[in-house]
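Below is one structure, written out as structure tokens, with a few remarks after it.
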Amino acid sequence: MTDYVVPSAFEAPAYDATIVEKPYRAGPYNAKGFGELPLIGPSAAIANAIKHALGVRVPQTPLLPEKVWAALEAGKNGLAEPE
């Protein structure tokens, strides 16, 4: 890893972006998000992996160690939400 060169914007291929003006009523200022969509799947997959491995569901992200611990304690004391 000492010889690995981290790619930068200079190594990216050339591209041409086209802006399409179409209002999106559900977004702020009628705008639609651009780069957030790929972040939806991994957090749900990790939450489901925690549920499968530990038997408790962490109800919200970010999945911090403190939240996982609290969910484990709630499950041990019978306070976890039923599914």
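We number each residue from 1, following the sequence as shown.
In terms of heavy-atom proximity, S43 sits nearest to T61 at CB-CG2, 4.1 Å.
Transitive grouping of hydrophobic side chains (ILVMFWY, heavy atoms separated by less than 4.5 Å) keeps L64 and I50 in distinct clusters.
In this structure E66 satisfies the side-chain hydrogen bond (donor to acceptor under 3.5 Å, both in side chains) test with no other residue, sequence neighbours excluded.
Under the 4.5 Å side-chain criterion, counting only non-hydrogen atoms from C-beta, P59 is not in contact with K67.
Here L72 contributes atom CG and L54 contributes atom CG; the two are 5.0 Å apart, rounded to the nearest 0.5 Å.
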Discussion item. Apply side-chain contact (heavy atoms from CB on, under 4.5 Å) to residues R57 and N48 and explain how you reach the verdict.
Written reply: CA-CA 8 Å; R57 181 156 314 274; N48 284 332; 3.0 Å; yes

